[in-house]
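Heads up: the structure comes next, in structure tokens.
Residue numbers begin at 1 in each chain, while the letters A, B, ... track the order of the sequences.
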Amino acid sequence: MSTHGKNVLIIGEKSSQVRTFCETLLPAIKTKKVGKRIYTRSGPWKGNNLTFLPLSGHITTVDTKKGYGWGETAPINIVQDPKALIIKENYEFRKIIRELATKSEELWLATDPDSEGDNIAYEAYKIAIRANPILRVNTRRVWNSSLTSVEILRAFNQLANWSVNQALAVQGRRMVDAWVGFAGTREVTIAARKVRNERGLVLSVGRVQLPTLKLIVDKDIERTEFLVQEKYNILADLLDESRKQILVSVQHDKSPFTNENDVQTILDKLKKSTLGKISSFQQKQTKIPPPRPMNTTDAIALLSRQLKLKADNALEILATLYEQGYISYPRTENRQFKSNFPHNEILTNLQSHPPYKPFFQQIKTMTQVRTNGRKQGTEDHDPIHPTGEIPSIGGKITPLHLKSWTFIARWYIGMFMEDLIQQRGTVRLAIKEEPFSQKYQSTESLGWTEAMNWRRPRETPSFSFEAGQIVQVRNIRSEAFKTKPPARWSDATLIKRLEKLKIGTKSSRPDVIKKLELRQYIVRKGNSYESTNTGKTIITVFNAIWPDLVTPKFTRQVEIRMDEVASETCSYDMMLETIRSEYLFLHQKLLSQIENLQDQLKEAFSDLGSSTYKKRKSHFSTKQRKSKTENASYPCPACNSGNLRERTNSRTGEKFFGCSRYPACSFTSSRNIYKKKG
DNA sequence: GCAAGGTC
């Protein structure tokens, strides 16, 4: 349209984000299909012609170069040769970016405002400047920290300078993860297959996987080593004046007792006692404010706990609710709403939903949450919240999705409601100088727990006494109980601990748990996880070779190096060389221990026996063999180096053909074209 | 085929 303005290419991280940018900035949007399920949007803005290209997260993968595949070389050579790792660009995106870059005079990088977003921008930037070197000096960064019109306009009017340091820091982390992950996994897998000849058997090693596995192994060790103890409480009943009704049962202050003789001594002493003297009775009102806004970890923990879901299923449900427009972007670490967040609109919509109407009698202000949380890092997304639209069952929304949404909506509404008010009381008394006491709590006003009904406190019967009062005492007795070992990890507790330890990220944590299960390092029993002998063996062996890798310490060290690269106190090449040589030394150590590892794995596998483990594995491998022979004969027409494989669209369930080199090559074709004849 | 991290 405007022939005087510049053509600007803008790279976004995902299509939902680009859509919002365009709706805010452009008076008229032209959408163009540029690839399979890839659309650009363009239009005029401030005299320039903007073209937005949404990516789908990363567009490169780290891989091994030719001759360094599985079985082609010893795993240690992946680390020994500093050039063994290569970066593969997604074929389709590369083609699109090249074409768009040659037609552009400026490049604006508008991926998420975090270091991973910088790295994703860098992937596109590299392709673009190769195709059009002029862009190198005409690249700007759009640092947009929230998808509200005000903030989008601010970000696009105040373009930031583009610096590659943060992107390189992340790139370094990606290389390190590949060295450790590829070389470690292959070495351990080779060792495992020597003692258990089985196709498809993979034992993986990773910077995030091992510390996560260690948490589970440690808990199991703690539980096995736990000594069950018999302990005792001493109790007595306080009766009313008529001595007919029990007012409350009180407990000896030294409970629980570990020594049975001590218990007997006190019981003997109090044998004939029928009276006690109240030493104090205190009552107070306690106000508990609503919880803070929820991030991904909170939402996954909530849904997995309330609906008995696995963490990855919970995240999937959140993603679907987001795609269907019922909740905000579900991958966020942020627990803080901005002061100008438009809560009013959302609440007004929710208020029209009859079941939620009564909650609004308890809401005084619809503009601020009552307890705001903390903002983490340079997060762009708001805490998870409902959009105000009420979902109904149908299409992708199942009753489970609806149920999940109600938890999120009720949490959100709860944050604006009044405090939970409790009455708490404590009575203290002496029976022949022996101190007894008891507490109660009763609800005066449900407050926000009216909406968040799963957080309603336990009620205990209330009582009232006066200091100095003499009371009737009966049934002085002891009660024995057994101590319990610490609880196993559930999806909810595990994911919260991982967040606390800063292991993994908001979106990768559920996948890591799933992967450990797939590797049969852990099994899910009921709603909690238990480590297998294989899992325990892996931790034992790596703990002896490289203890830092099985604790969060290695992740910390990598983070420190990343910060150095980002702040230019260390170069990217230096970071890679340092960590590569460190890992090389440790991989040699692993090799020296390989026979020991084999022996230990042999034992671990023999314990597993023949039952479910073998059956499931063998079924898996025949299935794999079948699909391989069926599809191996068709070379990919796009890249010519991969083969077409039958795939299933996880969303629609439709079968299609895709290149075996995906994501490096993203060629796909519908099934009928390549189907065998006859 | 392997990791971890994005997103679909």
For the pair made of [atom1] in [X] and [atom2] in [N], what is the distance, rounded to whole Å?
{"X": "A:L549", "N": "B:dA3", "atom1": "CG", "atom2": "C1'", "result": "11 Å"}
{"X": "A:K14", "N": "B:dG5", "atom1": "NZ", "atom2": "C1'", "result": "13 Å"}
{"X": "A:L53", "N": "B:dT7", "atom1": "CG", "atom2": "P", "result": "15 Å"}
{"X": "A:K502", "N": "B:dG5", "atom1": "NZ", "atom2": "C1'", "result": "18 Å"}

Below 4.0 Å: OP1/OP2 of [N] and any side-chain N or O of [X]:
{"X": "A:S507", "N": "B:dG5", "answer": "no"}
{"X": "A:Y322", "N": "B:dC8", "answer": "no"}
{"X": "A:T185", "N": "B:dC2", "answer": "no"}
{"X": "A:T505", "N": "B:dG6", "answer": "yes"}
{"X": "A:R173", "N": "B:dA3", "answer": "no"}

With a non-hydrogen cut-off below 4.0 angstrom, is [X] in contact with a base, only sugar-phosphate, or nothing?
{"X": "A:T189", "value": "nothing"}
{"X": "A:V176", "value": "nothing"}
{"X": "A:G504", "value": "sugar-phosphate"}

Would you find a donor on one side and an acceptor on the other, under 3.5 Å apart, between the side chain of A:T532 and the backbone of A:Q520? yes
Aromatic rings A:Y583 and A:W546: how do their planes relate, parallel, tilted or perpendicular, breaks at 30° and 60°? tilted
Nearest-nucleotide check on DNA chain B, A:K515 vs A:I120; residue mapping nearer the 5' end is A:K515
Taking the nucleotide of DNA chain B with the closest heavy atom to each, which residue, A:D63 or A:R509, is nearer the 5' end?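 This one resolves to A:D63.
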Sequence-distant partners of A:T73, side-chain contact (heavy atoms from CB on, under 4.5 Å), two or more places apart: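 Here the qualifying residues are A:Y68, A:N77.
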